[in-house]
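Quick notes on the structure that follows.
Below, chains carry the letters A, B, ... as their sequence lines are ordered, and counting in each starts from 1.
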2 protein chains.
Amino acid sequence: MQLYVERGFEQTTVAEIAKRAGLTARTFFRYFADKREVLFAGSADLQEHLMRALEAAPNSASPMQVVSAVLDVAATALGQHREHSRQRQSVINTNAELRERELIKLASLSAALAEGLRRRGVPEPDASLAAETGIVVLRVAFERWVSEPHGADLSQTMRTTLDRLKTVTTAR
Amino acid sequence: MQLYVERGFEQTTVAEIAKRAGLTARTFFRYFADKREVLFAGSADLQEHLMRALEAAPNSASPMQVVSAVLDVAATALGQHREHSRQRQSVINTNAELRERELIKLASLSAALAEGLRRRGVPEPDASLAAETGIVVLRVAFERWVSEPHGADLSQTMRTTLDRLKTVTTAR
DNA sequence: TAGGGTGATGTCATCAAGTGACATCACCGG
DNA sequence: CCGGTGATGTCACTTGATGACATCACCCTA
């Protein structure tokens, strides 16, 4: 993060990262598949965390209620450290490769959620639609939250964004 | 496409592509920013096409009606050549870098749609939500259409998917 | 028709991202 | 003290990607 902030992502070489971390480039690649992964280290953990939330939802819950519960958990997990989130997001937003990587992490999360919904008996395409919609809300809400210096907390932003989505999609 | 299908994306070298096309690797990179772009050559044109559709929608149309009109146009543009689409999609789906690139193309489209909606006076976050939701429908419908050998046409699939989305998001 | 401009292409050199093969080192248990 | 094991380093190599420069084909005009 230091180097990426100091000189930009592309201008930073793996050799430099390794040097600053006190190891070799070869070793770096034993821990991270590539230069981008550094910024997404926690995403697998987050995904597991959210999957547990999904599975903890009551049997009676509708697909969107399950998604809403997952978003609540996501908000508390992501909603700390706004300053750090902002810095990380600013690095990501200024580089195409990193945006690509971010999108695929979210796509992976979405696929996992859809799979979880299917395991609960939700048929296609409803499972995919609910999961993808949830990720849309997550993304839009997170973006708004990160860009406001001292606005509402993330949970609140997510809830109002989800409400907004319902209104927008059904308005005729 | 030939080479990517024959030996897979990663196993294909730019030198080989260039040779088969009768030119140099250096020249290849003058036409395509990188190895992945070959498969997304038409995406800029498609985006412009859809933006014109967005701008052609009547002033009275609600955000989701505009999106729905855009999806109609997208369906007729993408809905030809199911066989070619299937082959292309199969190459993309078997490689992570290509999936990343596909996602960012769709993200770019989504951003353009949101911007277009904003120009029409739709406020945030409604513009982003409507645009992103539209892309979700596009993606889910396209995936289903491509995986069915002789199913309904893409326009039909898109319409039913959009209906499904409305039901899923509002069911309680 | 010679000559000059222009755009497309090729050649060469170079850098950085990855990866495989193998050596080495630190530490742990017996 | 020794052998094993996992982490790290070294080296060599491939490939993607880019800058600098040469060349070629073609067209326009004096």
Side-chain angles (χ1 to χ4, degrees), chain A residues 1-45 47-48 87-109, chain B residues 1-45 47-48 87-109:
Chain A
M1 267 286 277
Q2 285 178 11
L3 281 164
Y4 289 166
V5 169
E6 282 175 25
R7 17 198 325 182
F9 175 76
E10 289 174 10
Q11 286 67 44
T12 307
T13 173
V14 174
E16 292 168 337
I17 302 176
K19 187 169 185 183
R20 172 143 343 169
L23 36 79
T24 310
R26 190 65 186 87
T27 300
F28 174 90
F29 284 113
R30 288 206 179 90
Y31 286 86
F32 301 99
D34 56 49
K35 213 177 139 190
R36 313 163 204 56
E37 280 297 302
V38 196
L39 290 173
F40 302 93
S43 85
D45 284 353
Q47 180 165 324
E48 284 176 35
Q87 198 174 37
R88 173 173 174 280
Q89 204 59 35
S90 130
V91 171
I92 293 177
N93 287 341
T94 51
N95 178 270
E97 293 182 45
L98 289 174
R99 265 181 283 135
E100 289 186 343
R101 183 56 51 90
E102 182 184 38
L103 290 174
I104 215 170
K105 294 297 181 188
L106 289 169
S108 154
L109 180 52
Chain B
M1 266 284 278
Q2 285 177 12
L3 281 164
Y4 288 168
V5 169
E6 282 175 26
R7 16 199 324 183
F9 175 76
E10 290 175 8
Q11 286 66 45
T12 308
T13 172
V14 175
E16 291 168 337
I17 301 177
K19 188 170 185 182
R20 171 140 344 167
L23 36 78
T24 309
R26 190 64 184 88
T27 301
F28 174 91
F29 283 112
R30 287 208 180 88
Y31 286 86
F32 302 99
D34 58 49
K35 214 179 138 189
R36 314 166 201 63
E37 279 298 300
V38 195
L39 290 172
F40 302 93
S43 85
D45 284 353
Q47 180 164 323
E48 284 176 36
Q87 201 174 37
R88 174 172 173 281
Q89 204 58 35
S90 131
V91 171
I92 293 177
N93 287 340
T94 53
N95 179 270
E97 292 182 43
L98 289 173
R99 266 180 284 134
E100 289 185 345
R101 184 57 52 90
E102 183 185 38
L103 290 175
I104 215 170
K105 294 296 181 188
L106 289 168
S108 153
L109 179 52

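Ion pairing of Glu10(A) with Lys35(A) is absent here, as no side-chain N (NZ or NE/NH1/NH2) approaches a carboxylate O to less than 4.0 Å. In summary, Arg36(B) and Glu100(B) do not engage in a salt bridge, as defined by a charged side-chain N under 4.0 Å from a carboxylate O.
Phe28(A) places its CZ atom 17 Å from the C1' atom of dA7(D), with the value rounded to the nearest Å. Atoms NZ (Lys19(B)) and P (dT11(C)) sit 13 Å apart, rounded to a whole Å. Between Tyr4(B) atom OH and dG16(D) atom C1' the separation is 11 Å, expressed in whole Å. What separates CD of Glu10(A) from P of dA17(D) is a distance of 12 Å, to the nearest Å. Between the P atom of dG18(C) and the CD1 atom of Ile17(A) lies a distance of 10 Å, rounded to the nearest Å. In this structure, Leu98(B) places its CG atom 14 Å from C1' of dG16(D), rounding to the nearest Å. Spacing between atom CG of Leu23(B) and atom C1' of dA8(C) amounts to 11 Å, rounded to whole angstrom units.
Within the 4.5 Å cutoff, the side chain of Tyr4(A) has heavy atoms near those of the Val38(A) side chain. In this structure, the side chains of Arg101(B) and Asp34(B) come closer than 4.5 Å at one or more pairs of heavy atoms. Between Glu37(A) and Lys105(A) there is a side-chain heavy-atom pair separated by less than 4.5 Å.
At least one side-chain nitrogen or oxygen of Thr24(A) sits closer than 4.0 Å to the OP1 or OP2 atom of dG9(D). Put simply, Thr27(A) has a side-chain N or O that comes within less than 4.0 Å of OP1 or OP2 on dG9(D). Taking side-chain N and O atoms only, Thr13(B) has no distance below 4.0 Å to OP1 or OP2 of dT14(D).
Of the listed nucleotides (dG9(D), dG20(C), dT18(D)), dG20(C) has the atom at the smallest distance from the side chain of Arg26(A).
In this structure, Arg88(A) satisfies the cation-pi test against Phe40(A), with its NZ or CZ atom closer than 6.0 Å to the six-membered ring centre and inside 45 degrees of the ring normal.
Within 6.0 Å of atom CD in Gln2(A), 12 or fewer heavy atoms from other residues, nucleotides or ligands are found, so the atom counts as exposed in its surroundings.
When each of Ala15(A) and Gly22(B) is assigned the nucleotide of DNA chain C bearing its nearest heavy atom, the one mapping closer to the 5' terminus is Gly22(B).
Within residues 29-41 of chain B, the residues having any heavy atom closer than 4.0 Å to DNA chain C are, in order of number, Arg30(B), Tyr31(B).
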